[in-house]
Amino acid sequence: MSLRKLVEGECGGTNSLVSLSSHFVQDRGLKDEGFHSFPHQDSLPNTNVDQLVHEFFEETSHSAQPFRMDSLLAEMRDLESRGAGPVRSAPISQLAIEGDVQEWAQQYLESGKSFQEITGDGIWSHEDRPDPFDSASLDYDLGFGPRWADDYLQRTRTQSLDEAVPLPDLSNSEEYKVEEDIAATAGEILTNTALDPRFSYSKFMKFMKQIEDREVTVGKDGKLNPTEAKTAAGHWSLEFQNDPEYEKTTKWSEQFEKEQETSAKWTEQFLKSEVLGMNATSEEPFNKQLWDKLTEQWKNISPTLAETQSWDSEFNDFSTEFKEYNFAKENPLTNTDNPLAEGQRRLAAGDLPSAVLCFEVAAQQEPENPLAWQLLGTTQAENEQDPQAIAALKKCLQLQPNNLTALMALSVCYTNENFQNQACRALKEWLRMNPKYSDIVPSDEQQSQKFPGVSSFLSREMYNMTKEMFLEAARRNPLDLDPDVQCGLGVLFNISSEIDLAVDCFKAALQARPNDASLWNRLGATLANGDRSEEAVDAYRSALQLQPGFIRARYNLGITCVHLGAYREAAEHLLTALKQQSIGRGPQGGETKASMSDTIWNTLKLVCALLERSDLMDDINERNLSKLNEVFGIE
Amino acid sequence: MSQDSAASDPVDFKSTAVFRLLEKAMQEDDKGLAVTLKGIYCFKVKNEDGKDGIWILDMRDGKGKVKFNGKEKPDVTLVMKDADVVELMMGKLNPQKAFFQGKVKINGNMGLAMKLSVLQEQASKKMEELKAKL
């Protein structure tokens with residue numbers, strides 16, 4: 001453990017072992033190169049290396065104001081006043097350490113961002129200029145004229161003018177007369193590489209320049225020595241070129257160049273996009289025309305829809321799911337006389353699946369009858385088939401937008417399927433269509449589609465608004481409360497998971513309608529979702545007493561049993577629900593697998609997992625109901 | 001199921017159901033989320049009676065296996081209360097928050113522990129299916 005602490009860094013800090021090792025690694029290489037004997041005392045304390053390097057970096061990072069003449073000029077004068085003495089450059093060893101690989105690379109990338117394309121000769125010509133800060137040279141420095149400057153000044157992070165700083169001319173200094181050949185070699189290197197802009201910014205070049213200007217001399221053994229400059233700089237520079245560092249430098253400069261290319265590409269793109277933008281504006285009238293035409297056509301195609309609903313709400317409805325109701329493929333009740341009445345009879349008898357089939361027949365025979373669709377929707381909801389219910393209810397509302405029962409049922413279905421936004425809209429619509437409360441909903445609501453209905457995400461604003469409106473409706477007649485309003489409020493509180501309030505609402509609604517099985521079920525579901533499973537069971541039992549074939553309540557009871565840890569009972573309830581769904585299919589009683597709800601099967605699968613009956617999984621996947629009924633002892 | 005420790009019985013824990021659901025979710029998972037975890041989690045759960053239960057979630061082969069009182073050597077051990085496990089796996093408790101509130105104590109590979117939200121997602125998806133319908 002202790003070893004790990006040594007090796008792994010603490011959060012935020014470097015760990016001791018690594019920093020220790022880096023110490024050794026850093027120094028050893030240079031010692032091997034023979035730089036170890038470099039004298040470290042400074043002859044000129046005010047120009048110590050760190051300061052110089054620091055200055056160099058400082059200058060390049062004076063980015064925000066690229067033309068900081070005053071400070072630069074001051075610095076210049078400073079340098080010149082100092083110029084009488086030898087300015088000692090950074091010792092090479094120090095340079096190598098300071099300009100550690102990463103930092104150099106960084107430096108190159110940085111300067112690449114500044115987008116400074118200086119042609120090879122340009123930079124050297126500065127040296128000849130008496131005043132390097134005249135405006136012409138600066139323009140040249142930027143290289144691309146005013147347009148480029150404008151485009152890129154914002155991005156420009158570094159504007160290194162230091163290259164233009166002329167180094168103090170030391171040729172007259174008697175004390176430091178340096179052998180001509182060193183300077184000449186350095187000069188030669190400079191001129192050879194000057195044409196290549198890649199080298200313009202390398203520290204090596206700067207160093208060479210310094211040699212040429214006799215600021216620095218090179219010792220025989222490769223040591224840098226300001227006082228005794230006796231030997232071949234050529235030899236040294238050769239060494240430098242052979243040095244792997246040199247190759248790296250070249251690589252960096254290549255990178256730099258690439259960087260420049262990409263920035264050039266960017267500008268091109270930028271310009272292109274600008275051009276495109278121009279085109280777009282010119283195309284706009286055409287687009288508008290096209291759009292208008294399309295809208296016109298759409299209106300022609302569906303005159304009824306355009307009348308009843310605004311264009312974009314239509315779009316919203318179509319972009320959500322549950323567009324189309326899927327009728328059962330083989331409906332054994334197709335030939336039933338007066339299917340609507342027959343369906344209602346079966347519904348009253350508690351045979352939900354048969355009722356569904358009857359209503360399907362009715363809806364197919366009279367597709368314009370909203371009642372058939374409404375009953376189909378509400379029955380499918382009780383049959384634990386929410387997606388189908390939503391489709392049917394929407395169809396009903398298309399035919400009859402003010403069908404309050406359908407709107408309320410739709411909001412419940414949406415809540416169950418977690419389409420909270422749509423649920424809220426349906427509830428608001430319910431209020432608007434209800435003659436008792438229509439004045440609560442602001443009339444401009446229909447036009448202002450502030451809340452797009454495409455996503456199921458419900459904004460707090462929308463929710464609060466709907467809730468306020470319902471509370472207002474509830475306050476209307478405090479003595480004679482409207483169970484429907486209470487039910488709507490209950491649904492709203494369910495959406496916001498304010499379980500206790502929702503429970504109160506449903507209980508209030510039940511006081512007015514104690515024989516409404518679906519209200520009992522809603523109360524039970526709310527209690528169950530609020531971790532009040534025991535009370536929920538009572539509510540479900542009341543619902544099932546009123547309507548034994550209430551499949552949704554049976555399913556919910558199964559789920560509550562799961563939450564109470566009674567998995568076996570849960571499985572029994574679920575299987576009962578499935579059995580009811582499958583045998584209710586018409587007089588023939590033929591079992592059709594499609595008629596059973598996927599949700600119930602999925603829940604049953606979970607319950608079997610909780611029972612650790614993985615041996616039953618295959619039967620569940622095959623939907624082998626009779627086998628499962630056998631296992632769980634259900635007749 | 002092994003019953004090595006006489007003191008604890010999975011029936012005493014609310015977490016039992018959660019872990020079973022989680023296992024189910026892992027088995028059905030087709031996105032291979034367990035693959036991203038690749039490790040052995042150990043949940044040391046203390047219930048209200050002060051009894052300890054240990055669940056081992058073995059995710060090495062990309063399919064989640066859950067064992068009560070498993071003996072595998074875990075990469076990370078999470079010590080928490082029974083009720084907190086349920087909250088965490090149902091998505092009501094943010095793993096990071098739980099950690100900073102001291103509800104979860106973590107020993108071992110922190111990186112694995114940080115991926116706990118993947119497990120959480122899996123379990124809460126399953127719990128969502130057990131929601132009563134209005």
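Chain naming here is simple, since letters A, B, ... match the order of the sequence lines and numbering starts at 1 in each.
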Q: Yes or no on side chain to side chain contact (heavy atoms under 4.5 Å, CB included) for B:Leu134 and A:Asn521, after CA distance, side-chain angles and deciding distance?
A: CA-CA 6 Å; B:Leu134 295 177; A:Asn521 175 55; 5.6 Å; no
Q: Among residues 539-555 of chain A, which residues come closer than 4.5 Å to chain B, judged by heavy atom distances?
A: A:Tyr540, A:Arg552, A:Tyr555
Q: Using non-hydrogen atoms only, which part of A:Ala528 is less than 4.5 Å away from chain B: side chain, backbone, both, or neither?
A: side chain
Q: Between B:Arg20 (side chain only) and A:Leu610 (backbone N and O only), is there a donor and an acceptor less than 3.5 Å apart?
A: yes
Q: As an exercise: rank B:Lys14, B:Lys133, B:Glu23 by heavy-atom pairs under 4.5 Å with chain A and give me the winner.
A: B:Lys133
Q: Against chain B, label A:Ser518 side chain, backbone, both or neither, depending on which of its atoms sit under 4.5 Å from a heavy atom there.
A: neither
Q: Look at A:Asn529, A:Thr599, A:Val607, A:Thr415 and state which one has the largest set of heavy-atom pairs under 4.5 Å with chain B.
A: A:Asn529
Q: Can you list, pair by pair, the side-chain donor-acceptor contacts under 3.5 Å of residues 559-574 of chain A, counting residues two or more places apart and other chains?
A:
from     : atom 1 : to       : atom 2 : distance (Å)
A:Thr560 : OG1    : A:Asn556 : O      : 3.0
A:His563 : NE2    : B:Leu130 : O      : 3.0

Q: For B:Gln101, I'd like to know if atom CD has over 12 heavy atoms of other residues, nucleotides or ligands within 6.0 Å.
A: yes
